[in-house]
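Written below as structure tokens is the structure these notes are about.
Quick caveat: nothing in here was measured; it's all calculated off a predicted structure. All values below were derived from every heavy atom in this structure, side-chain atoms included, with hydrogens, water molecules and symmetry-related copies excluded.
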Amino acid sequence: DLLLEDLKKTRQSTEEYQTLYLRGVSLLTELNNQASILETEGENITLNIQQYVESKRLEIKKYLNKKTVEKINNGSNIWQYTYVTRLHEKKYRLSPNDEVFESFKNDYQFMQSEWLRLKEMSDQDFELEKLEQFNIASNKYESAMLSWVNLNKQLVTKVLPQMKHLGNGVISSAILSAENSVKQMSDRRNAIAI
């Protein structure tokens with residue numbers, strides 16, 4: 001009876017562990033998907049604002065005006081902040097830290113406020129198209145980052161600690177079950193011998 005009870009506990013813990021393991025695999029798969037989106041959309045936001053700024057630089061060579069200079073300066077700020085924001089994103093993914101995540105959020109907000117200011121200055125179809133593409137990509141980028149943070153927290157704070165606890169429990173239970181089996185067999189052998 002004792003052996004059956006130990007086996008039942010071990011089996012139950014193993015099943016719970018398997019469920020957590022599958023949840024962990026699912027979270028890791030989704031983390032990988034979000035990381036791919038971050039890479040793709042991060043490249044898109046940088047590329048769109050780069051194309052915007054470079055087109056304005058070509059334009060200013062032909063005709064110098066104050067508004068174009070302001071667009072270049074503002075676009076260059078955004079371009080710079082795409083790199084700063086992406087740096088914080090990568091830094092956070094390598095070593096999650098609340099301070100780094102706050103820096104990411106602040107830089108992202110600044111980048112978006114500069115985008116809004118640039119959009120209000122822009123009046124050409126090409127400019128508006130590039131800014132709209134930038135906005136779509138940056139929204140996907142932010143969404144992927146927030147999702148990555150949430151999934152990672154679930155994995156690190158819930159799934160992995162429970163897996164460790166259950167894994168240790170399964171091992172302890174299996175060792176205890178084996179020790180009880182050996183003791184029980186030895187007791188039976190001694191009883192038979194007597």
Side-chain angles (χ1 to χ4, degrees), residues 23-161 163:
R23 175 74 180 130
V25 169
S26 173
L27 286 170
L28 286 171
T29 302
E30 192 53 35
L31 278 170
N32 190 46
N33 291 341
Q34 295 308 313
S36 295
I37 292 170
L38 284 167
E39 289 299 315
T40 302
E41 299 307 332
E43 287 295 322
N44 285 341
I45 61 175
T46 301
L47 183 64
N48 282 308
I49 200 63
Q50 177 185 358
Q51 290 172 346
Y52 181 100
V53 171
E54 287 176 352
S55 72
K56 295 292 107 192
R57 286 180 180 161
L58 290 174
E59 188 178 303
I60 206 164
K61 286 181 181 177
K62 295 176 188 170
Y63 178 70
L64 179 64
N65 82 24
K66 185 180 175 188
K67 190 173 183 180
T68 306
V69 171
E70 286 176 9
K71 288 177 184 179
I72 290 171
N73 288 339
N74 193 269
S76 295
N77 280 345
I78 298 169
W79 190 2
Q80 175 187 356
Y81 267 82
T82 63
Y83 287 109
V84 173
T85 303
R86 291 174 67 198
L87 174 68
H88 284 119
E89 167 244 314
K90 285 173 180 26
K91 200 171 167 184
Y92 181 87
R93 286 195 296 136
L94 287 172
S95 180
N97 175 312
D98 289 341
E99 201 173 290
V100 174
F101 186 55
E102 281 304 312
S103 296
F104 167 84
K105 289 194 291 191
N106 292 337
D107 292 338
Y108 180 83
Q109 287 305 322
F110 178 77
M111 185 176 76
Q112 289 302 95
S113 68
E114 288 294 292
W115 171 83
L116 191 58
R117 207 162 68 99
L118 185 58
K119 186 179 179 192
E120 290 169 359
M121 279 191 262
S122 299
D123 49 13
Q124 297 172 10
D125 288 342
F126 174 80
E127 295 172 346
L128 295 170
E129 179 188 331
K130 283 294 163 197
L131 290 174
E132 187 56 33
Q133 289 173 355
F134 175 91
N135 191 43
I136 290 167
S138 69
N139 287 332
K140 288 179 184 176
Y141 179 78
E142 180 190 32
S143 177
M145 182 61 174
L146 295 176
S147 180
W148 197 95
V149 169
N150 182 39
L151 293 166
N152 188 59
K153 280 186 180 174
Q154 286 180 47
L155 182 67
V156 172
T157 61
K158 293 179 183 173
V159 176
L160 293 178
M163 283 177 72

Evaluate salt bridge (Lys or Arg N to Asp or Glu O under 4.0 Å) for E54 paired with R57, printing each intermediate quantity in order.
CA-CA 5 Å; E54 287 176 352; R57 286 180 180 161; 5.4 Å; no
Please evaluate residues Q51 and E129 with respect to the criterion side-chain contact (heavy atoms from CB on, under 4.5 Å), reporting the C-alpha separation (whole Å), side-chain torsions for both, the decisive distance (0.1 Å), and the verdict.
CA-CA 11 Å; Q51 290 172 346; E129 179 188 331; over 6 Å; no
Chi angles and distances behind the side-chain contact (heavy atoms from CB on, under 4.5 Å) call for V69, L64
CA-CA 8 Å; V69 171; L64 179 64; 4.0 Å; yes
Could you walk me through whether E39 and K90 satisfy the side-chain contact (heavy atoms from CB on, under 4.5 Å) test, starting with their C-alpha distance in whole Å, then the side-chain angles of each, then the deciding distance to 0.1 Å, before giving a yes or no?
CA-CA 9 Å; E39 289 299 315; K90 285 173 180 26; 3.1 Å; yes
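Nearest heavy atom pair, residue I49 against residue G75, reads CG1-O, 3.6 Å. The shortest non-hydrogen separation linking Q154 to L27 is OE1-CD2, 3.8 Å. Heavy-atom minimum distance, S122 versus Y52: OG-OH, 2.7 Å.
A donor atom on one side chain and an acceptor atom on the other are found under 3.5 Å apart for E41 and N44.
A donor-acceptor distance shorter than 3.5 angstrom exists from the side chain of S113 to the backbone of F110, with no hydrogens or angles considered. Judged by distance alone, the side chain of T29 and the main-chain N or O of V25 form a donor-acceptor pair under 3.5 Å. No donor-acceptor pair closer than 3.5 Å links the side chain of T40 to the backbone N or O of I37. Put simply, the side chain of S143 never gets that close to the backbone of K140: no donor and acceptor are under 3.5 Å apart. Looking at N106, its side chain does come within 3.5 Å of a backbone N or O of E102 through a donor-acceptor pair.
E127 has its side chain out of reach of M121: every pair of non-hydrogen atoms, C-beta onward, lies at least 4.5 Å apart. Put simply, the side chain of F134 reaches to within 4.5 Å of the side chain of W115, judged on heavy atoms.
Between E70 and K67 no salt bridge is recorded (no basic side-chain N to carboxylate O distance below 4.0 Å). Checked for salt-bridge contact, R117 and E120 miss the test: no charged N lies under 4.0 Å from a carboxylate O.
For D123, the CG atom is densely surrounded, since the number of other residues' heavy atoms within 6.0 Å is greater than 12.
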